[in-house]
Number of protein chains: 2
Amino acid sequence: MQISKKTQYGLRAMVYLAKNFKRNKVFPLREISKSEDIPFDFLEKIILELEKSDLVKAKKGPNGGYFLACSPRKITAGDIVGALEKTKPVNCLICGRMGKCSAKSVWNKLEQSLKDALDSINLSELTK
Amino acid sequence: MQISKKTQYGLRAMVYLAKNFKRNKVFPLREISKSEDIPFDFLEKIILELEKSDLVKAKKGPNGGYFLACSPRKITAGDIVGALEKTKPVNCLICGRMGKCSAKSVWNKLEQSLKDALDSINLSELTK
DNA sequence: ATAAAACAGACTATATTAGTCGGTTATATC
DNA sequence: GATATAACCGACTAATATAGTCTGTTTTAT
């Protein structure tokens with residue numbers, strides 16, 4: 001029940017992009033890495049996943065960098081965590097094998113409130 | 001963000017004890033292990049942790065076994081998960097180092113709703 | 001041309017998880 | 001009081017996941 005460093009870094013990077021968000025402005029990874037004190041090589045992998053989930057876009061070449069794919073208001077913590085982390089608390093094999101599992105309702109409820117909590121927060125709120 | 005097998009096994013073992021709960025009745029681990037299809041040696045370690053958290057008690061020797069430390073109604077999923085799993089989603093080092101962390105409020109909210117969800121379920125409900 | 005930046009895949013080191021094994025201690029029953 | 005049963009305990013191992021590194025290729029503004 002721990003959030004990985006990957007996800008923590010990813011969320012912080014996204015908040016950085018949201019805080020400095022401005023139309024047509026891009027942010028090279030080096031800047032985010034330094035400013036947020038995240039290992040550059042690792043962040044590169046993370047931002048790539050975020051890009052594949054359509055949360056950020058990139059501009060290549062000199063003066064290139066990354067930027068949010070849409071307004072901070074429209075991106076939720078749930079979007080970001082969902083892109084970087086397994087969000088189902090369990091893969092209950094028992095449920096499949098035996099048709100029912102005494103613990104299933106617990107994990108279902110947990111998954112739902114986890115989702116609700118994260119979906120209720122958007123990036124714009126986190127910039128304040 | 002995954003619940004460990006240890007916790008899944010632990011919860012199922014506890015539900016087993018709750019389902020068959022009867023005053024002065026004890027359940028040898030072998031029985032729980034077979035019935036719930038949980039590796040015996042592993043379950044032994046798990047139940048020991050549950051005992052140290054005062055969720056179950058033991059009776060040693062022949063005809064011995066484990067039993068719930070109190071009524072199923074009084075034991076929550078939160079008690080069980082809390083005994084077996086790290087329940088804080090992050091140990092945000094940044095928060096300590098920089099005084100503030102842009103992501104902190106997300107993890108706090110997550111932790112709270114995780115706790116709320118699990119605390120709202122008791123063992124007695126899970127026996128139905 | 002060249003330099004800055006994104007993109008990509010393979011690799012390594014560390015930590016965590018899941019489980020095993022070999023024993024010791026307590027106690028009901030014969 | 002011997003014995004068998006079941007809890008208790010600590011050290012060990014195997015597998016997997018996490019966290020990061022390294023070496024390069026591609027794109028593009030200047």
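Basis for what follows: all heavy atoms, side chains included, without hydrogens, waters or symmetry-related copies.
Here the C1' atom of nucleotide C:dG19 and the CG atom of B:Leu48 are 15 Å apart, to the nearest Å. Atom CG in A:Leu43 sits about 14 Å away from atom C1' in C:dC7, given to the nearest Å. When rounded to the nearest whole Å, the span between CD of B:Glu51 and P of D:dA7 equals 10 Å. For B:Ile38 and C:dT20, the CD1 to C1' distance is 16 Å, given to the nearest whole Å. At whole-Å resolution of the value, CD in B:Glu49 and P in D:dC9 are 12 Å apart. At whole-Å resolution of the value, CG in A:Leu50 and P in C:dC7 are 12 Å apart. In this structure, B:Ile46 atom CD1 and C:dT17 atom P are separated by 13 Å, rounded to whole Å.
The backbone N or O of B:Ile3 sits less than 3.5 Å from a side-chain atom of B:Gln8, completing a donor-acceptor pair. Although no hydrogens or angles enter the test, the distance criterion places a donor-acceptor pair under 3.5 Å between the side chain of A:Ser71 and the main chain of A:Arg73.
Each ring pair (Phe, Tyr, Trp, His ring centres under 6.0 Å) pair with one or both residues in residues 105-128 of chain A, not counting sequence neighbours, would appear here, but there are none.
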In B/S/- notation, 5' to 3', how is nucleotides 17-30 of chain D contacted by protein heavy atoms closer than 4.0 Å?
--SBBB---BBBBS
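No hydrogens or angles considered: nothing links the side chains of A:Asn108 and A:Gln112 as a donor-acceptor pair under 3.5 Å. Between the side chains of A:Glu125 and A:Asn122, a donor-acceptor pair is found at a separation under 3.5 Å.
A:Lys52 comes within 4.0 angstrom of the backbone, heavy atoms only, and of no base. Heavy atoms of A:Ile47 sit nowhere under 4.0 angstrom from any nucleic acid atom.
A:Leu84 and A:Phe42 fall within a single hydrophobic cluster, where Ile, Leu, Val, Met, Phe, Trp and Tyr are joined by side-chain heavy atoms under 4.5 Å apart, directly or via other members.
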